[in-house]
Amino acid sequence: MAIWWTRSSRTIANHIRKCMNKGFMGGAVVKQSSWSSTVQSCSLSSLSSHRLVPQNCSYLHSLPCNRATLFSLQRFKSTVAEGQLDSFFSSDSDDEQSLDFPGGKVTYTSEMNFISESSHERIPCYRVLDDDGEIINMDSDLQQVSKEVAVKMYSDMVTLQIMDNIFYEAQRQGRISFYMTSAGEEAINIASAAALGEEDIILPQYREPGVLLWRGFTLQEFANQCFGNKADHGKGRQMPIHYGSKEHNFFTISSPIGTQLPQAAGIAYSLKMDNKKACAVSYIGDGGTSEGDFHAGLNFAAVMEAPVIFFCRNNGWAISTHVSEQFRSDGIVVKGEGYGIRSIRVDGNDALAVYSAVSAAREMAINEQRPILVEALTYRIGHHSTSDDSTKYRALDEIDYWKLARNPVNRFRCWVQSNGWWSEQQETELRKSIRKQLLQAIQVAEKTEKPPLTELFSDVYDHLPSNLQEQEKQLTETISRHPKDYPSDVSV
Ligand SMILES: Cc1ncc(C[n+]2csc(CCOP(=O)(O)OP(=O)(O)O)c2C)c(N)n1
């Protein structure tokens, strides 16, 4: 306490002296002559910690103490950390070239410079493979991938591609009500999942089914959800593609964009509290970053030092909204710094780059207990969803360029094949087998009964309240009176 007061009194005295030399204090002009002698004769070290204005310091009573001055003194009293005391006023006491602001030391400048809205050079994009699937720099410290992992990564990328094609067609045929493909984002899906641990908790947007695929969600489980049958973990209540799996630490997808980001920060914080060697990983699209929840999630994670990876899939479009209408920053990566979050921009169509970046991000998030932002540049090759025709708002050439010249699956295949880990024959067999498995899964899902009608009422609350019991009874009675007006494949 003694040190506290000695230091603070010195700082206050210095400050008052400086203010008086300048002839004013706060907003009030002070007469220099009547002040200097009083300050010198009154030692501030005699201030009592219980009293804001010491009795034996008459100068303080006569001080033209405006509210700001009083506030300053009160702040001194309540500030706990000794180191923060001197920071309330200028620290480099003599030249006043910097300000020890509570948030950190800031240097002064007499030049009025507005920070430019953009830097001249855009943040470069980290890549490992070139367009032909060859490693660009053998000496770079990229994360090594074993043959086993590489082959599983490639096989899952192909599986995702085929799954998308078949479910998309099933929707066109009216067998399922809705679908969204991940075309063009296969590397993002699979390589990011491969770099994580199974205990890491995933909070998806909706274009990341590959993460679930990588974790072992079966093709039958995907089909059951899209068909909303009795075997669906979600009991047929949500639209197709809103997957979820407790077993695979994959939070159930919900439609409102961005809500998963603050939830991820909260989950990461709880992992930290429990001393778990795991992180939360939240995916978001470029459009999703315009939601207020993006700000809430990133800021919360930064100040709470929560181990979470925010993975942004910047695919150029949010339905028909081009990124130039979404934000004017250099993408998403630059936003990380504003929140005090370490960030990287990566080529989302390069599986090895995504794998390396996410591996490093995970290590930092867990070992250093901090959030990391990853922006993966990619392109949404497919329509936004089966409810969209993207040729209405973008050029076919643009789609073709990304589909053919920058295809992430082809690029990764070149690399796997160049290692002698993959052959044309394996390719043919894999595609044939996955197609067969998927068609079978769809047939089974289609034939499986729908959940009973009573499931409409359960899980709204933990226990069924009396008003819902009443509604359930009324519905059952109505159906028994008019059975022909209700679908026959739903049991009551
Ligand atoms: C809060 C909220 N606003 C609007 C929508 C409608 N909506 C669904 S998807 C979407 C676009 C999201 O784009 P982006 O985040 O870039 O992801 P992408 O579809 O490109 O993967 C919008 C606006 C929504 N679901 N939730």
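Atoms within a ligand are numbered from 1 in the order they appear, just like the ligands themselves. In this text, all values refer to a predicted model and were calculated from it rather than measured experimentally.
Judged as a salt bridge (Lys or Arg N to Asp or Glu O under 4.0 Å), the pairs with a partner in residues 412-424 (not counting sequence neighbours) are, in order, R413-E424, R413-E427. For the ring-ring contact (aromatic ring centres under 6.0 Å, His included) condition, the pairs that include at least one residue of residues 241-264, sequence neighbours left out, are F222-Y243.
For the salt bridge (Lys or Arg N to Asp or Glu O under 4.0 Å) test, residues two or more places apart in sequence or in another chain that qualify with K152 are D156.
Between W421 and Y154, the distance separating the two ring centers is not shorter than 6.0 angstrom.
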Please tabulate, one line per pair, the protein nitrogen or oxygen atoms found under 3.5 angstrom from a nitrogen or oxygen of ligand 1, with distances to 0.1 Å, or say none if there are no such pairs.
from     : atom 1 : to   : atom 2 : distance (Å)
ligand 1 : 15 (O) : Q205 : NE2    : 3.1
ligand 1 : 15 (O) : G287 : N      : 3.3
ligand 1 : 15 (O) : G288 : N      : 2.9
ligand 1 : 16 (O) : D286 : N      : 3.4
ligand 1 : 16 (O) : D286 : OD2    : 3.3
ligand 1 : 16 (O) : G287 : N      : 2.8
ligand 1 : 16 (O) : W317 : O      : 3.3
ligand 1 : 17 (O) : Q205 : NE2    : 3.1
ligand 1 : 17 (O) : Y206 : OH     : 3.3
ligand 1 : 19 (O) : Y206 : OH     : 2.5
ligand 1 : 19 (O) : R207 : NH2    : 2.8
ligand 1 : 19 (O) : H384 : ND1    : 3.3
ligand 1 : 20 (O) : N315 : OD1    : 3.1
ligand 1 : 20 (O) : N315 : ND2    : 3.0
ligand 1 : 20 (O) : W317 : O      : 2.8
ligand 1 : 21 (O) : R207 : NE     : 2.8
ligand 1 : 21 (O) : R313 : NH1    : 2.9
ligand 1 : 21 (O) : R313 : NH2    : 3.1
ligand 1 : 21 (O) : N315 : ND2    : 3.4
ligand 1 : 25 (N) : S255 : O      : 3.0
ligand 1 : 26 (N) : I257 : N      : 3.1

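The residues D489 and K450 are annotated as not salt-bridged, no charged nitrogen and carboxylate oxygen being separated by less than 4.0 angstrom.
For the residue pair E221 / Q225, no side-chain donor-acceptor distance below 3.5 Å is found, with atom types taken as modelled.
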